[in-house]
Number of protein chains: 2
Amino acid sequence: MSTDAHPSRLPARPVGRVTITDVARAAGVSVATVSKVVNGRYGVATATAQRVLEVIADLGYETSLVASSLRRGRTDVVGILLAGFDPFATELLKGISAEAVGKGYELLAYSGAISDDNAVGWERRSLSRLGGTLIDGAIILTPTVSLAGTSVPVISVDPHTGSGGSHVVDSDNVEGARAATRHLIELGHRRIAHIRGRTDLESAHRREQGYRLSLAEAGIPFDPDLVRDGGYRAAWTTEPARELLTMPDRPTAVFAANDLSAFGVIEVAHELGMRVPHDLSVVGFDDIPEAASASPRLTTIAQPLQAMGARAVTMLFALLDGQEAETHVRLPARLVVRKSTSPPPVL
Amino acid sequence: MSTDAHPSRLPARPVGRVTITDVARAAGVSVATVSKVVNGRYGVATATAQRVLEVIADLGYETSLVASSLRRGRTDVVGILLAGFDPFATELLKGISAEAVGKGYELLAYSGAISDDNAVGWERRSLSRLGGTLIDGAIILTPTVSLAGTSVPVISVDPHTGSGGSHVVDSDNVEGARAATRHLIELGHRRIAHIRGRTDLESAHRREQGYRLSLAEAGIPFDPDLVRDGGYRAAWTTEPARELLTMPDRPTAVFAANDLSAFGVIEVAHELGMRVPHDLSVVGFDDIPEAASASPRLTTIAQPLQAMGARAVTMLFALLDGQEAETHVRLPARLVVRKSTSPPPVL
DNA sequence: ATGAAAGCGCTAACAA
DNA sequence: TTGTTAGCGCTTTCAT
């Protein structure tokens with residue numbers, strides 16, 4: 001009801017959400033008036049505003065993001081669309097979050113239900129479901145399809161399609177892969193295998209390209225038999241790694257397209273009784289936090305994930321602000337030498 | 001795209017979100033029919049459904065989460081409410097995400113705009129803004145206020161208030177802190193300082209309690225001068241750490257209430273020309289991924305963050321499913337000895 | 001200064 | 001089998 005006997009205590013609020021109607025009723029005004037007070041519009045008597053504010057505090061009312069976003073254009077919320085909260089995504093999130101703090105936007109990281117039938121195109125779906133209503137703009141992590149003609153500004157981080165019409169942040173995959181392979185070559189390896197990433201991703205191609213480039217530079221002939229698909233996942237790497245490590249004249253080193261598949265390779269190597277790096281050198285890519293604590297600690301290529309996230313928000317905010325933003329930002333990737341690489345065994 | 005001067009994009013552009021009305025018009029049916037098709041309701045002629053489906057595919061229509069959630073009760077989306085995407089939160093997210101996959105729910109991690117005036121009570125605000133409309137239930141990370149009487153099921157992870165009426169997942173902070181302090185004592189330290197966590201958080205009290213307990217067990221008198229507030233943040237730790245390390249008869253070891261403040265302590269120690277662990281031993285708490293790669297690698301208490309996240313979702317799904325769920329799940333924390341602790345220097 | 005009413009995109013009764 | 005209608009909670013004209 002409108003009067004509570006114990007104003008200092010939490011009042012008996014209506015069951016469920018407190019709506020603007022509840023507030024209006026309790027304050028004895030119309031919902032329009034409450035809305036004006038909440039949004040600081042002019043045309044409300046000070047006394048009325050005062051009373052409404054009290055009721056709001058009393059009832060613990062907060063305007064519903066959903067309802068207001070449906071009515072308003074803006075929400076001051078930016079979405080980060082991702083396929084799941086994996087180490088790659090969470091590192092990016094850290095950078096995004098740190099950069100976004102205090103800029104007046106709220107962050108909403110959204111992971112649609114991933115199942116087999118929406119495994120591809122999740123980003124379009126998520127964007128359609130949220131864009132234009134819930135979020136003012138979006139940062140999409142590793143989109144696999146083109147994002148042309150979206151209803152809100154979009155920044156793609158490490159996208160499959162080159163630029164795909166949207167603004168892009170990525171790191172220099174070719175150079176990174178080249179550095180990784182060169183490191184192995186400089187250690188003395190000649191038979192260097194490569195576990196590919198998801199072949200539908202641009203980054204996977206670029207990493208393979210860097211691998212080949214480095215081989216060519218060292219005059220090592222490319223052997224297609226030493227290249228397998230690992231899909232950027234530890235589990236999918238198991239089989240190809242086993243094939244690679246049990247073949248005659250097996251490779252002495254593996255450049256895996258990302259850290260997760262590098263872990264997969266190391267696991268298989270251990271299963272087969274090999275020691276890393278003594279019997280097999282392994283280089284990853286990404287430098288997720290787990291890479292530093294793995295056993296052995298993983299030599300890998302560090303993508304500046306947090307910096308990439310930070311750049312992405314900066315660009316998005318600029319866009320939302322009606323300003324220009326760079327179309328493509330490419331940050332350098334660098335080799336981090338740890339304990340999973342060493343000179344090849346003397347066979 | 002030439003008129004950026006006008007921020008108002010009110011006019012209905014032909015290019016923008018595709019709504020159910022667009023689909024209905026294009027298919028020559030009513031919006032109700034489209035809705036039925038989209039939601040697989042009975043009572044639509046096969047031919048009509050076919051045509052509508054085609055138009056939907058053509059236009060790339062997806063139902064708006066916002067609009068449908070406003071109308072429907074359920075959204076099949078669970079919210080993870082957090083103050084920011086810090087290492088603690090992202091580890092939990094990994095566990096949550098891994099456990100939630102394939103369960104038919106979508107995940108929405110929400111970080112409200114953090115500013116000074118809403119620094120406290122953000123969780124209530126976020127919950128009010130999203131609950132009852134956008135999300136079916138919520139997992140709240142480190143809530144600092146009581147969450148009684150919410151409109152949706154809530155699981156609190158590592159909350160300030162004991163149980164606060166809601167379901168809780170946390171780790172054994174007392175035992176963890178006790179193990180940390182005991183480790184230092186066993187190494188031979190006697191003057192062991194403690195950097196407190198945020199004193200408004202339950203976990204901070206429990207960690208101090210474990211510290212005192214361990215001291216008492218070893219017969220070491222408690223010295224209030226050796227306890228300072230660090231607020232769980234590296235920056236806030238700088239001053240108290242400096243005081244501690246420059247005092248006469250300085251401590252030879254510090255048990256910091258979390259890894260972030262342990263880093264703060266180490267930084268100050270380095271500034272003062274001390275080597276860790278040679279001149280000063282430091283133990284943290286949490287075992288965020290950064291702890292393993294820090295220099296020196298940090299001895300700390302590992303909270304099973306991912307497992308905690310996984311348990312939280314499991315409990316929430318049970319609740320949403322109308323089942324019972326444990327009221328309080330407490331997971332064990334364990335000591336991880338790395339390189340930031342050693343016997344005290346011989347003074 | 002205030003409130004009535006329209007409508008954002010959608011779903012669910014109910015009619016036709 | 002279809003369309004009409006009435007809201008979900010909110011903001012925003014436009015009257016009063």
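Letters A, B, ... are given to chains in the order of the sequence lines, protein chains preceding strands, and every chain is numbered from 1. What's counted below: heavy atoms across the whole structure, side chains too, no hydrogens, waters or symmetry copies.
At the phosphate of dC10(D), neither OP1 nor OP2 sits under 4.0 Å from any side-chain N or O atom of Ser68(A). When the side-chain nitrogen and oxygen atoms of Arg41(B) are compared with OP1 and OP2 of dA12(C), one or more of them lie within a distance under 4.0 Å. Listed pair Ser64(A) / dC8(D) fails the phosphate criterion, with no side-chain N or O lying under 4.0 Å from OP1 or OP2. An OP1 or OP2 oxygen of dG3(D) is reached within less than 4.0 angstrom by a side-chain nitrogen or oxygen of Thr33(B).
Residue Val38(A) is classed as having no contact, given no heavy-atom separation below 4.0 Å to the nucleic acid. Counting non-hydrogen atoms under 4.0 angstrom, Thr48(B) reaches the backbone sugars and phosphates but no base. Using a 4.0 Å heavy-atom distance criterion, Thr133(B) is classed as making no nucleic acid contact. If you check every strand for non-hydrogen atoms under 4.0 Å, Ser35(B) touches a base. At the heavy-atom level, Ala45(B) lies under 4.0 Å from the strands shown only through sugar-phosphate atoms.
Residues Leu319(A) and Ile155(A) are in side-chain contact: their nearest non-hydrogen atoms beyond the backbone lie under 4.5 Å apart.
How far CZ of Arg311(B) is from CD of Glu99(B): 9.5 Å, rounded to the nearest 0.5 Å.
Each of dG3(C), dC8(C), dT2(C) was ranked by its minimum atom distance to the side chain of Val44(A); first place goes to dT2(C). Minimum atom distance to the side chain of Thr63(B) is reached by dT11(C), of the listed dT11(D), dG3(C), dT11(C).
Side chains of Ser69(A) and Thr133(A): no donor on one and acceptor on the other come within 3.5 Å. A donor and an acceptor atom, one from each side chain of Ser203(B) and Tyr232(B), are located under 3.5 Å apart. For Thr142(B) and Asp158(B), the side-chain atoms include no donor-acceptor pair closer than 3.5 Å.
Atom OH in Tyr61(A) sits about 7 Å away from atom C1' in dG9(D), given to the nearest Å. If you measure from atom CZ of Arg71(A) to atom P of dT12(D), you get 7 Å, rounded to the nearest angstrom. Remark: P of dG9(D) and CD1 of Ile20(A) are 11 Å apart, rounded to the nearest angstrom. Taking atom CD1 of Ile56(B) as the reference point, atom C1' of dC10(C) lies 13 Å away to the nearest angstrom. If you measure from atom CG of Leu70(A) to atom P of dT12(D), you get 13 Å, rounded to the nearest angstrom. In this structure, Gln50(A) places its CD atom 17 Å from C1' of dA1(C), rounding to the nearest Å. A straight line from CZ of Arg74(B) to P of dT11(C) spans 16 Å, rounded to a whole angstrom. The separation between Lys36(A) atom NZ and dG9(D) atom C1' is 17 Å, rounded to whole Å.
The residue among Asn39(B) and Ala49(A) whose nearest nucleotide of DNA chain C is located toward the 5' end is Ala49(A). The residue among Tyr42(B) and Ala67(B) whose nearest nucleotide of DNA chain D lies closer to the 5′ end is Tyr42(B).
Among the candidates Leu81(A), Leu82(A), Ile135(A), the single residue satisfying the side chain to side chain contact (heavy atoms under 4.5 Å, CB included) test with Ser126(A) is Leu81(A).
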